[in-house]
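All chains are named by letter (A, B, ...) in the order of the sequence lines, taking the proteins before the strands, and each is independently numbered beginning at 1. Note that the coordinates shown come from a computational prediction; the quantities given were computed from them, not determined experimentally.
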Amino acid sequence: SQTIHQWPATLVQPVGSPLSLECTVEGTSNPNLYWYRQAAGRGLQLLFYSVGIGQISSEVPQNLSASRPQDRQFILSSKKLLLSDSGFYLCAWSSRTGLLYSNQPQHFGDGTRLSIL
Amino acid sequence: RKEVEQDPGPFNVPEGATVAFNCTYSNSASQSFFWYRQDCRKEPKLLMSVYSSGNEDGRFTAQLNRASQYISLLIRDSKLSDSATYLCVVNRNYGGSQGNLIFGKGTKLSVKP
């Protein structure tokens, strides 16, 4: 069965410090991968998605970047964190169906709760 | 019109009650629909997919009305453990964004003893 691992579970960082969150998926090949952020009391905001190694699409302009160095590894980074980067960060994966207009459900990791001080 | 709209609630119901959530979506080209459940401070988890003919999973029934661009979730015989936020999810289906889903902000359900 497929599993998704995301770490760390919680992180407290000062403003201006760098960030690296890692996500790995097991039990599947060629997944679509996603990074979301959920601010307190808000909905899920898609930050980045990837359909393959080295292929990253950004949904919103921001202080963050993403990389996919291996098929089942997705990394979220920042060079200098802002107070507004606080939130609950979620990594997710889905199967690729090969059908342009149909999507598989996404499955989430446990999330990283990031607090910026 | 927002891409996915839900009544935020909260819905406060007694155990054993039947409760229904509604959701509307703006993109008529959307093809995939889901309900997710999110517990407080946890990740969203897939509850069920929603099919054109409607589908049932135990106490949960999902319906889709494409003409009205409307999705519903019915929970029968509510349990305390059903307390959570329920997210309506629709695929984006435009702009080359294959695989992208749009999550509603969720409807909060609180089941009381």
Side-chain angles (χ1 to χ4, degrees), chain A residues 2-7 9-10 23 28 30-52 55-60 68 74 87-115, chain B residues 2-10 23 25-52 55 57 62 64 66 71 73 84-108:
Chain A
Q2 302 88 357
T3 56
I4 178 168
H5 303 280
Q6 192 182 335
W7 65 93
T10 52
C23 171
T28 186
N30 303 314
N32 289 335
L33 295 173
Y34 310 85
W35 278 111
Y36 287 87
R37 176 171 58 209
Q38 189 173 36
R42 307 281 293 275
L44 282 167
Q45 180 187 33
L46 180 63
L47 302 174
F48 299 96
Y49 68 97
S50 172
V51 298
Q55 299 179 61
I56 309 294
S57 296
S58 174
E59 281 291 293
V60 292
R68 184 169 177 175
F74 205 22
F88 189 38
Y89 286 82
L90 290 153
C91 180
W93 73 273
S94 69
S95 299
R96 235 178 288 168
T97 64
L99 299 173
L100 186 59
Y101 299 118
S102 175
N103 299 113
Q104 294 292 309
Q106 294 174 11
H107 307 278
F108 289 85
D110 292 341
T112 296
R113 203 159 294 278
L114 175 63
S115 299
Chain B
K2 289 182 183 174
E3 289 182 295
V4 177
E5 247 180 309
Q6 294 182 251
D7 180 343
C23 167
Y25 61 96
S26 61
N27 183 3
S28 59
S30 293
Q31 297 286 340
S32 303
F33 309 91
F34 310 97
W35 282 102
Y36 277 71
R37 168 198 171 122
Q38 185 172 23
D39 293 290
C40 188
R41 299 178 68 82
K42 295 286 191 179
E43 78 279 15
K45 291 184 178 176
L46 178 66
L47 180 64
M48 59 196 301
S49 301
V50 186
Y51 302 119
S52 296
N55 49 300
D57 182 1
L64 168 65
R66 285 188 187 273
I71 306 161
L73 176 68
T85 297
Y86 290 83
L87 308 177
C88 174
V89 183
V90 174
N91 78 317
R92 177 164 282 168
N93 202 16
Y94 61 83
S97 59
Q98 181 185 7
N100 288 1
L101 302 179
I102 306 165
F103 286 77
K105 291 187 177 179
T107 299
K108 187 171 181 180

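- Other residues, nucleotides and ligands place no more than 12 heavy atoms under 6.0 Å from the CZ atom of A:Arg42.
- Of the N and O atoms on the side chains of B:Gln38 and A:Gln38, at least one donor lies less than 3.5 Å from an acceptor on the other residue.
- For the pair A:Leu90 and B:Pro44, the minimum side-chain heavy-atom distance is below 4.5 Å.
- Among the candidates B:Leu101, B:Val89, B:Leu46, the single residue satisfying the side-chain contact (heavy atoms from CB on, under 4.5 Å) test with A:Gln106 is B:Leu101.
- Judged by distance alone, the side chain of B:Arg41 and the main-chain N or O of A:Arg113 form no donor-acceptor pair under 3.5 Å.
- For the atom pair B:Tyr36 OH and A:Phe108 CZ, the distance stands at 5.5 Å (nearest 0.5 Å).
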Step by step, would you call A:Glu59 with B:Asn100 a side chain to side chain contact (heavy atoms under 4.5 Å, CB included)? CA-CA 10 Å; A:Glu59 281 291 293; B:Asn100 288 1; 3.9 Å; yes

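- Ranked by non-hydrogen atom pairs under 4.5 Å with chain A, the options B:Lys105, B:Lys42, B:Lys45 are led by B:Lys42.
- Remark: A:Phe48 engages no residue in a ring-ring contact (aromatic ring centres under 6.0 Å, His included) (not counting sequence neighbours).
- Considering only residues two or more places apart in sequence or on other chains, A:Asp110 meets the salt bridge (Lys or Arg N to Asp or Glu O under 4.0 Å) condition with none of them.
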